[in-house]
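One structure below.
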Amino acid sequence: MTEKLSNEELSCRFQNLEENLKVIRSRMEEAAAKSGRNPGDVTLLAATKTVPAEVINRGIELGIAHIGENRVQELCGKLDALLPCDRQFIGHLQKNKIKYLIGRVGMIQSVDSEKLAQEISRLSVSNGTETDVLIEVNIGGEENKSGVAPEHLSELAEKISALPAVHVRGLMAIPPVCEKPEDAMPYFSKMKEYFIDMKDKKMDNVSMDCLSMGMSADYVQAILCGATMVRIGSALFGPRIYR
């Protein structure tokens, strides 16, 4: 559940959010420039797990245009209270929860199987809408993480591309936990290679214009390696508080 905040706590969170956002934007701009790109080439997605709607709305007022939720139940509980913005789903997704997302989010970033994509397609068709997705890649080959194995990425993309009402917009990845942010760069660089390779294949219904990688601890390194979207939570909103 998200925390309930007093007016004093909200005021403090608002101030910290504004300061954090300035720092993050500055670091993103610097990293984009170092990677030879314009700041506008990299999108900030605010990861809002456990963050109250009031705090998210303050972020939207400050110019945050994209938010991402990890849990379906939490997303559904916040939707009516949120200001207009692009809402995305970035967490592990169970097939039976897809019905709560169709038509309510702009993108599902965590598609890692044909069965999941088929259900997204079926429900999108039945609801008369279309759904953008990213294919999640298990870049570290970790057994405890979701994501398609890199060697099966192209095959999965081809299968999803044939489905109606689903559009593959790119790739997403979470590298293994690293001792230092720089240690994640080989994983990010490998993802950029897969991203370019998939783009070069020029598959129908696969646009490959979004490479979502990098979080609070390593978003600068991800941008240096070619990320077009970073998902930032605690560095923006502060440590998660569970109550």
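- Here the closest heavy-atom approach between residue Ile232 and residue Leu44 is recorded as CD1-CD1, 3.7 Å.
- A distance-only check finds no donor-acceptor pair linking the side chain of Thr43 to the backbone of Met229 [under 3.5 Å].
- For the residue pair Gly103 and Thr129, the shortest heavy atom distance occurs at N-CG2, 4.3 Å.
- No more than 12 heavy atoms of other residues, nucleotides or ligands lie within 6.0 Å of CG in Asn7, so this atom counts as exposed by the packing criterion.
- For the side-chain contact (heavy atoms from CB on, under 4.5 Å) criterion with Ile67, the lone passing option out of Leu45, Leu83, Thr48 is Thr48.
- For Ser26 (side chain) and Val23 (main-chain N/O), no donor-acceptor pair under 3.5 Å exists by modelled atom type.
- Atom CZ of Arg13 sits about 13.0 Å away from atom CD of Gln15, to the nearest 0.5 Å.
- Using a 4.0 Å cut-off between a side-chain N of Lys or Arg and a carboxylate O of Asp or Glu, Lys159 and Glu155 qualify as a salt bridge.
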Going by atom type alone, with no hydrogens or angles, which donor-acceptor pairs under 3.5 Å involve a side-chain atom of residues 181-189 and a protein atom two or more places apart or on another chain?
| from | atom 1 | to | atom 2 | distance (Å) |
| --- | --- | --- | --- | --- |
| Asp183 | OD2 | Lys180 | N | 3.3 |
| Ser189 | OG | Met185 | O | 3.0 |

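- Of all non-hydrogen atoms in Leu236 and Ala46, the two that sit nearest each other are CD2-CB, 3.6 Å.
- For the pair Asn138 (side chain) and Lys145 (backbone), a donor-acceptor distance under 3.5 Å is present.
- No donor-acceptor pair under 3.5 Å is formed between the side chain of Asp112 and the backbone N or O of Leu93.
- For Lys190, the salt bridge (charged side-chain N to carboxylate O under 4.0 Å, His left out) partners are Glu193, not counting sequence neighbours.
- If you run side-chain contact (heavy atoms from CB on, under 4.5 Å) between Arg58 and each of Leu10, Leu21, Leu17, only Leu17 comes through.
- Minimum interatomic distance between Ala47 and Ile90 (heavy atoms only, all atoms of both residues): CB-CD1, 4.1 Å.
- Under a 3.5 Å cut-off, the side chain of Arg231 and the backbone N or O of Ser212 do form a donor-acceptor pair.
- Residue Tyr194 comes nearest to Leu153 through the heavy atom pair CB-CD2, 4.0 Å, listed as atom of the first residue, atom of the second, then distance.
- The other residues sharing a hydrophobic cluster with Met107 are Leu134, Met172, Ile174, Met215, where clustering joins ILVMFWY side chains under 4.5 Å apart.
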- Could you go through the salt bridge (charged side-chain N to carboxylate O under 4.0 Å, His left out) check for Lys34 and Glu30 one step at a time? CA-CA 6 Å; Lys34 284 184 178 179; Glu30 182 180 353; 3.5 Å; yes

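- Proximity of a side-chain donor or acceptor of Ser121 to a complementary backbone N or O of Ala165 within less than 3.5 Å is not detected.
- Within a 6.0 Å radius of CD in Gln73, other residues, nucleotides and ligands contribute 12 heavy atoms or fewer.
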